[in-house]
Each structure stands twice: as C-alpha cells, then as structure tokens.
Amino acid sequence: MSIKKVLIANRGEIAVRIARACQELGIKAVAIYSEADQYSLHVKKADEAHCISRDPLSGYLNPHHVVNLAVETGCDALHPGYGFLSENHELASVCRDRGIQFIGPAAEVIRSMGDKTEARTTAINSGVPVTPGSEGNLRDVEDAVVQANRIGYPVMLKATSGGGGRGIRRCDNDQEMRQNYERVISEATKAFGSAEVFLEKCIVNPRHIEVQILADRQGNAVHLYERDCSIQRRNQKLIELAPSPQLSEEQREYIGDLAVRVAKGCGYENAGTVEFLLDDTGDFYFMEMNTRVQVEHTISEAITGIDIVKAQIRIAAGEPLPVDQSQIRYRGFAAQFRINAEDPKNGFLPSFGRITRYYSAGGPGVRTDAAMYTGYEIPPYYDSMCAKLIVWAMTWQELLERSRRALNDMGIYGVKTTIPYYQQILQHPDFGAANFNTSFVENHPELLDYSTKSRPESIATAIAAAIAAQAGL
Ligand code: ADP
Ligand code: ADP
Ligand code: MG
C-alpha cells in the first residue's frame with residue numbers, strides 16, 4: 001500500500017467510518033475539527049487531530065487550509081467524505097498541485113459531473129436515457145416558461161450545481177414557474193454559489209433507484225447493485241434499501257449496466273453513485289452522478305461484503321480492482337435508517353442538545369455508524385443526522401422484523417429522533433409489500449400520528465430507568 005497517512009477532511013460519523021477503514025489497512029488517520037467539534041467522536045478515533053477553525057464551518061470548507069494541514073502533518077492522501085468539500089473540484093486540484101493523493105475521481109470529472117446539465121450530456125453520449133429537459137441552463141424566466149411549455153408540465157426546476165435535496169421545485173403551470181424561478185435562483189446562489197438552473201420533466205411518483213459503482217485507474221469499472229432511496233421527505237432520503245425490493249432481476253441487470261456505462265463515459269475513477277428515476281411504466285432515467293462516497297454506501301457493503309471505503313483507498317493507491325463483475329454477488333436485503341435529531345411530530349424540526357443516554361442497537365445483522373455517546377452535545381451548526389442504523393437479513397420479511405427489533409433496541413435520550421416515525425413506516429402494509437414511491441412520506445401524514453408514550457417500553461428504556469434509580473437520579 002503506497003498510502004501511509006490520510007487526512008480526513010470531514011467530521012461526525014463519516015469521519016469515524018473513514019478512520020475505521022484506515023485502521024484496518026494499517027494507515028494513520030489525521031482528523032480535523034472546529035472548536036464546536038472538540039468533543040466529537042471523530043477527534044478521538046483518529047491517530048492525530050488538529051483544530052482547523054474557531055468558527056464551526058470555515059475550516060471544513062477551505063480547500064487550501066485542509067490541504068496545507070495534510071502537507072504539514074506528513075499525509076500522502078486526503079479523504080473528503082460526503083457533504084462539505086467532497087464535490088468541490090478545487091479541493092481535488094489543490095491536492096494534485098501539492099502532491100497529496102485525493103481519494104476520489106479527477107478534478108475535471110468532479111467538475112463536469114457536478115454540473116447536472118453537463119452530466120446529462122455525458123449520459124446521453126453514453127447511450128443512457130435522461131428525462132426530457134431544457135437544453136442546457138435557462139437564460140431567464142421567459143426562457144423557463146417557453147421551455148416548460150415545450151417539455152410539458154409538470155416540470156422540475158433544478159439548480160445546476162444542487163445537492164442534498166435543495167434547490168429543486170416542482171412547477172405545475174406558468175404561474176408556479178414565475179413564482180418559483182427567483183426562489184430557486186436565490187436558494188442556489190446561497191447554497192451552491194451558482195445561479196444556474198435548468199428544467200427536467202417531472203416524473204410523477206417515481207422510484208429513486210441508484211447504483212453504486214467502483215472504477216480503478218486501470219480502466220476497470222463494476223457496479224455493486226442498486227439501492228432504493230424512494231422513502232424521502234422533501235427530496236431528502238430517510239430510509240434506503242439494497243437491493244431494491246421493487247425491481248426484477250432483468251431490471252437490476254439493466255440498470256447496473258447503464259451505471260457502468262456512465263462511469264466509463266466520463267472516465268471515472270474511485271467510488272461513485274449513478275442516480276436514476278424509475279417511472280410507473282418501468283422506464284429508467286438518469287438523474288445525476290454523485291462523485292463521492294454516499295451516506296448510504298453501508299447497505300451496499302452489507303449485501304455484497306465489499307468494504308467500499310477501503311476499496312476507495314486502495315483504488316487511490318493505484319491498486320486494480322481485485323474482482324470483476326461476475327465475482328460480485330449480492331445476498332439478502334439491507335436497510336439503512338437515518339437517525340436524525342429531529343422531531344417528526346413538529347415538522348421534523350431539528351432537536352439539537354445533549355444526549356443524556358445512548359444505547360446502540362446490536363444483535364445479528366445490525367450495524368450502527370454514529371458519532372455520539374452518552375453525554376455528547378449535538379452542536380446546532382451541522383446536519384441533524386446523528387446516527388445510521390443498518391440492518392441486514394436473509395429475506396425481505398426478516399428484514400422488516402429485524403428492523404423493528406433493532407429500532408426498538410436503540411435508545412437515544414435527551415433529543416427527539418426519527419426512530420418512532422420509522423417504526424410507523426415499518427408497520428405500513430404498502431411498505432411491507434414493497435410498494436412505494438418518492439411520494440410515500442407525503443401521502444401518509446397519518447403515520448405522524450403516534451404517541452411515544454403508548455409505545456411498549458423498550459429494553460433500553462428499562463435499563464435507563466434502572467441506571468437512573470441506582471445513581472439516585
Ligand atoms: P447522499 O446522496 O450520500 O445520500 P445527501 O444528498 O443526503 O447524500 O447529502 C449528504 C450530505 O452532503 C448532506 O449533509 C447534504 O446536505 C450535503 N450535500 C450534498 N450535496 C451537497 C452540495 N452540492 N453542496 C452542499 N452540501 C451538499
Ligand atoms: P440532489 O442533487 O439534491 O440529490 P437530485 O437531482 O438527485 O438532487 O434529486 C433529488 C430528489 O428529487 C430525487 O431523489 C427525486 O425524489 C426528486 N427528483 C429530482 N428530479 C426529479 C424529476 N425529474 N422528477 C421527479 N422527481 C425528481
Ligand atoms: Mg441526488
């Protein structure tokens with residue numbers, strides 16, 4: 001292994017995840033943190049940690065700053081994680097200029113696939129279907145209205161450099177287009193520093209299906225099958241499944257091939273995700289490519305047995321993929337629940353604060369990726385996701401049962417979380433029958449009608465009560 005020391009340019013659970021991969025490979029890991037993150041778990045999991053900024057965000061967002069630190073601490077590579085600078089092509093090019101191996105694709109590929117209209121062109125040129133849409137970016141609101149009428153309403157108005165489910169609005173007629181146009185532009189300018197927007201035909205009630213790919217420097221590219229991320233709220237994923245319980249084997253094979261075609265078409269290297277929408281008639285449309293490790297990479301690991309973060313590091317070190325497509329099999333079903341510190345009953349309002357008690361779930365087929373512990377205070381400056389619960393089982397039915405059990409095992413006290421809401425989703429017959437699309441959450445507001453008190457007392461609650469009694473709290 002030519003990589004000996006990695007700077008992790010991220011925080012929270014993904015920084016912990018990367019540090020774990022480094023440990024297994026015998027590589028040193030260097031963490032960075034803001035003052036607000038001094039008690040964060042990722043600081044303790046790394047071999048070295050350096051405070052990079054007094055304010056909560058600037059240190060994680062300055063490419064020159066993080067690469068300087070990588071050079072100063074004797075690192076030979078840098079892992080960007082997800083969010084923050086992970087899709088910032090400047091970080092990859094600064095790394096290249098300073099002799100640090102960036103763990104991800106080339107700067108040019110990040111730039112071109114990060115531009116959603118350019119990515120659509122790449123997909124078209126690779127023979128992969130895309131949704132009907134505007135030709136390139138929109139000139140102004142009049143252009144938007146003309147093109148929307150050509151495409152036919154409903155359409156999606158999208159920020160060209162958008163991400164994280166932001167900068168997207170559905171428009172059903174000219175009036176809504178005129179209302180949303182300035183809003184999306186101002187959202188995009190604030191969040192992504194770019195005012196460019198484009199249009200796509202809105203696929204009504206689609207399934208979100210994405211394919212994990214791995215590509216090495218030698219030109220080999222494979223897929224690790226698909227994930228179904230249709231359980232979303234406001235275009236943000238809540239529960240992810242692998243493989244999709246809604247696809248046939250033929251569809252699975254077809255979409256895997258499409259994803260590999262996109263990866264080869266853009267000269268991709270390292271791990272990436274190709275996202276598609278699946279409509280009611282069974283047609284797939286390329287949506288975008290994420291040129292980084294994804295939050296939900298865990299479930300592809302669960303069904304294939306491949307450690308994606310270790311694969312990323314090996315690829316960056318120049319090693320060829322150790323397997324070809326025919327050697328990659330999947331087994332069983334996996335689900336990931338994004339445990340957010342939010343109150344679902346109060347519009348999913350973030351619920352930051354101190355974790356007074358925390359018990360992770362365990363038992364067969366259960367994995368928890370988290371960056372918290374009893375006594376940890378979740379800072380209000382970052383994403384509200386505080387843990388990921390990953391469940392694997394041999395069959396879909398067993399996955400449902402095991403997920404209920406694991407969510408019940410998990411105990412997080414002091415903040416509100418999405419756990420009880422997920423229990424509600426798991427009880428719904430349509431979810432159980434693997435029949436859902438991206439409107440599921442919106443179409444079932446009744447699932448928010450639960451009472452936390454009437455739920456059976458979990459083991460974790462009982463233990464918490466016992467400890468509190470012993471400590472005389
Ligand atoms: P995934 O596609 O891996 O499921 P998400 O879309 O949930 O990831 O995004 C993961 C994290 O990265 C979130 O915190 C999200 O807000 C952030 N993020 C994703 N894309 C961008 C972007 N282009 N700019 C800023 N933040 C982003
Ligand atoms: P981001 O970069 O923020 O992840 P995406 O382009 O991947 O944005 O879209 C996020 C989500 O928005 C999708 O998972 C899907 O639910 C919805 N969406 C995006 N484009 C369309 C479309 N053309 N039709 C219907 N839904 C869409
Ligand atoms: Mg997306």
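- Contact check for Glu13 versus Met385: side-chain heavy atoms found under the 4.5 Å cut-off.
- Side-chain contact between Tyr330 and Leu224 is absent, with no heavy-atom pair separated by less than 4.5 Å.
- Proximity of Leu57 to Phe84: side-chain heavy atoms (C-beta onward) are separated by under 4.5 Å at one or more points.
- A search for side-chain hydrogen bond (donor to acceptor under 3.5 Å, both in side chains) contacts involving Thr160 returns Asn137, not counting sequence neighbours.
- Across all their heavy atoms, Pro105 and Thr291 have their closest contact at CD-O, 3.7 Å.
- No side-chain heavy atom of Phe337 sits under 4.5 Å from any side-chain heavy atom of Thr418.
- Classification of the Trp396-Phe333 ring pair by plane angle, with boundaries at 30° and 60°, yields perpendicular.
- Residues Gln236 and Arg233 have side chains that never bring a donor and an acceptor to within less than 3.5 angstrom of each other.
- The side-chain heavy atoms of Phe440 and Ile231, taken from C-beta on, include a pair separated by under 4.5 Å.
- When side chains are defined from C-beta on, Leu426 counts as touching Leu407, because their heavy atoms get closer than 4.5 Å.
- The side-chain heavy atoms of Arg227 and Gln336, taken from C-beta on, include no pair separated by under 4.5 Å.
- Ser244 and Asp228 share a side-chain donor-acceptor pair at under 3.5 Å.
- Proximity of Phe102 to Asn270: side-chain heavy atoms (C-beta onward) are nowhere separated by under 4.5 Å.
- A side chain to side chain donor-acceptor pair (under 3.5 Å) with Glu240 is found for exactly one of Gln232, Gln294, Arg338, Lys388, namely Arg338.
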